[in-house]
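Each remark here refers to the structure printed beneath this line.
Within every chain, numbering begins at 1; the chains are lettered A, B, ... in the order of the sequence lines, protein sequences first and strands thereafter.
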2 protein chains.
Amino acid sequence: MTPKNNYCYDYPRPALTVDCVIFGYDASDLKILLIKRGIEPFKGHAALPGGFVREHETLDSAAKRELMEETNVSNVFIEQLYTFGNPGRDPRGRVISTAYFALVKREDYIVIAGDDAAKARWYSVGAIPPLAFDHAEIVEMALNRLKGKIRYQPVGFELLPEKFTLSDLQHIYEAILQKKLDKRNFRKKIDKTELVIRLNEKEKGVAHRAAYYYKFDKKKYENALKKGIYFEI
Amino acid sequence: MTPKNNYCYDYPRPALTVDCVIFGYDASDLKILLIKRGIEPFKGHAALPGGFVREHETLDSAAKRELMEETNVSNVFIEQLYTFGNPGRDPRGRVISTAYFALVKREDYIVIAGDDAAKARWYSVGAIPPLAFDHAEIVEMALNRLKGKIRYQPVGFELLPEKFTLSDLQHIYEAILQKKLDKRNFRKKIDKTELVIRLNEKEKGVAHRAAYYYKFDKKKYENALKKGIYFEI
DNA sequence: ACAAAAGTGTTCGGAATACACCCATGT
DNA sequence: ACATGGGTGTATTCCGAACACTTTTGT
């Protein structure tokens with residue numbers, strides 16, 4: 001039994017949704033999670049995962065809930081991106097959407113497939129299909145934000161597992177900044193932050209010299225932040 | 001004649017407002033425009049100018065309209081800041097507010113006083129009174145955004161008249177960054193951008209050596225932006 | 001042996017910083 | 001004459017960019 005027109009106001013009100021741009025990294029490629037829409041409008045199109053904000057939840061919790069529903073991960077980097085509210089962005093009527101962007105680690109996520117929700121799939125940012133609504137614009141803004149953010153915040157680690165190689169890290173920077181970086185200069189810069197610690201453990205079974213694993217010292221980073229020390233990478 | 005409950009929906013919907021953090025610069029001081037609330041809740045408190053988004057306008061136009069109503073200026077720098085939507089931020093019910101921040105030139109603005117709208121007044125950012133709702137949080141975020149933005153975008157000029165002295169400009173940077181800058185180094189940096197042009201005109205009637213006026217070469221800046229050239233100041 | 005990626009130092013130019021004195025103007 | 005802020009140059013340090021070869025591992 002669905003309610004029928006039980007909520008009445010003196011003035012028209014828009015519907016409020018959140019949409020999530022979820023980034024992942026995999027096989028040297030930066031990816032975005034998209035669902036396939038099962039209903040009109042834009043049925044069959046790819047779209048950002050999202051949904052209505054509930055009556056008693058904050059925007060942040062709505063975004064986290066949507067993220068959780070799609071990927072089964074919690075405890076990830078998530079941040080408000082921008083609010084899109086042009087009349088006409090949704091053919092069904094006035095819908096305001098606050099977009100979020102999230103960074104998830106490949107080791108954590110489990111994409112829910114085949115349940116009643118639309119199917120989710122990862123797409124390389126270089127090969128994003130036509131999107132429903134104004135979602136292409138949202139994705140573009142998220143990519144720009146990420147590009148800007150990575151210069152002054154160590155967000156690359158949010159996309160990597162606990163243990164990673166410096167080449168992995170460099171590939172993430174290259175994918176986000178869309179340019180090649182010099183290996184020696186990159187390592188010098190990472191080294192200088194003193195936030196990335198080499199472990200006594202190497203890759204195994206690779207057909208070349210095995211790389212050391214490293215980990216990000218998150219506690220040290222957060223303590224430094226509290227003291228007002230900033231990092232540029 | 002006001003409408004009564006003519007807009008009905010199946011699910012509850014929040015009300016949608018915009019609030020503007022309007023910055024100005026005056027007497028070596030960075031200022032914010034605040035109104036005094038004439039009605040409950042928070043009657044008598046200072047608050048950010050803002051209001052409801054209308055049915056057929058974009059968020060941006062709603063913000064520009066509010067700005068225009070308060071200051072009579074158009075054609076200013078205005079940018080979306082963040083959307084605040086915690087349940088409970090407004091005691092009257094669920095209200096989502098998209099905050100904007102604007103930079104206005106002192107020469108342009110005319111604060112409307114004594115009309116039916118609440119009275120507006122400029123407050124130094126160092127002496128902001130207790131604010132209604134969660135507006136203190138909004139102002140804090142706006143200040144941080146401005147502080148971050150001024151490092152890579154020439155926003156200082158948006159607060160100054162067409163003709164300004166380099167000391168004016170430096171004072172703006174100092175007010176925003178909250179630290180003293182070295183005069184010679186500051187001028188070297190401004191000079192290097194090649195975006196600030198000295199005019200053949202000096203201050204008059206000052207009790208010290210008269211300073212040259214300068215102007216910002218906005219066209220050159222915008223052309224450079226199109227070519228993908230960025231400036232850090 | 002070879003293919004493939006890991007790992008490592010030095011040089012150079014430009015930018016950031018620190019710093020002190022004389023100049024023009026009104027009172 | 002003096003008070004007030006305007007205007008200017010140099011030396012030093014630090015950071016970013018460019019650049020090539022040896023090592024390790026699996027096939």
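- For the pair B:Phe133 and B:Phe84, the minimum side-chain heavy-atom distance is 4.5 Å or more.
- Using a 4.0 Å heavy-atom cutoff across all strands shown, B:Ser167 reaches sugar-phosphate atoms only and no base atom.
- Side-chain N/O atoms of A:Asn144 and A:Lys147 include no donor and acceptor closer than 3.5 Å.
- Put simply, CG on B:Leu181 is 14 Å from P on D:dG6, counting in whole angstrom units.
- For the residue pair B:Asp60 / B:Tyr100, a side-chain donor-acceptor distance below 3.5 Å is found, with atom types taken as modelled.
- Atom CZ in A:Phe186 sits about 17 Å away from atom P in C:dA5, given to the nearest Å.
- Both A:Lys179 and B:Glu203 lie close to DNA chain D; mapped to their nearest nucleotides by heavy-atom distance, the more 5′-ward contact belongs to B:Glu203.
- B:Asp134 places a side-chain heavy atom less than 4.5 Å from the side chain of B:Ile138.
- In this entry the distance linking CG of B:Leu169 with C1' of D:dG6 reads 15 Å, nearest Å.
- Nucleotide D:dT25 holds its C1' atom 13 Å from the OH atom of A:Tyr212, rounded to whole Å.
- Nucleotide C:dT17 holds its C1' atom 16 Å from the CG atom of B:Leu177, rounded to whole Å.
- Taking the six-membered ring for Trp and the full ring otherwise, the centers of A:Phe186 and A:Tyr173 sit less than 6.0 Å from each other.
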In the 5'-to-3' direction, what one-character label does each nucleotide of nucleotides 19-27 of chain C receive under the scheme B = base within less than 4.0 Å of a protein heavy atom, S = sugar-phosphate only, - = no such atom? BB--BBBS-
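- Rounded to whole angstrom, the span from the OH atom of B:Tyr213 across to the P atom of D:dG7 amounts to 11 Å.
- In this structure, the CG atom of A:Asp168 is 12 Å from the C1' atom of C:dA6, given to the nearest Å.
- One interatomic measurement links the two molecules: CG of A:Asp191 to P of C:dG7, which rounds to 12 Å at whole-angstrom precision.
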Evaluate the criterion side chain to side chain contact (heavy atoms under 4.5 Å, CB included) for residue pair A:Thr165 and A:Glu203; output intermediate values, then yes/no. CA-CA 8 Å; A:Thr165 69; A:Glu203 286 180 311; 3.9 Å; yes
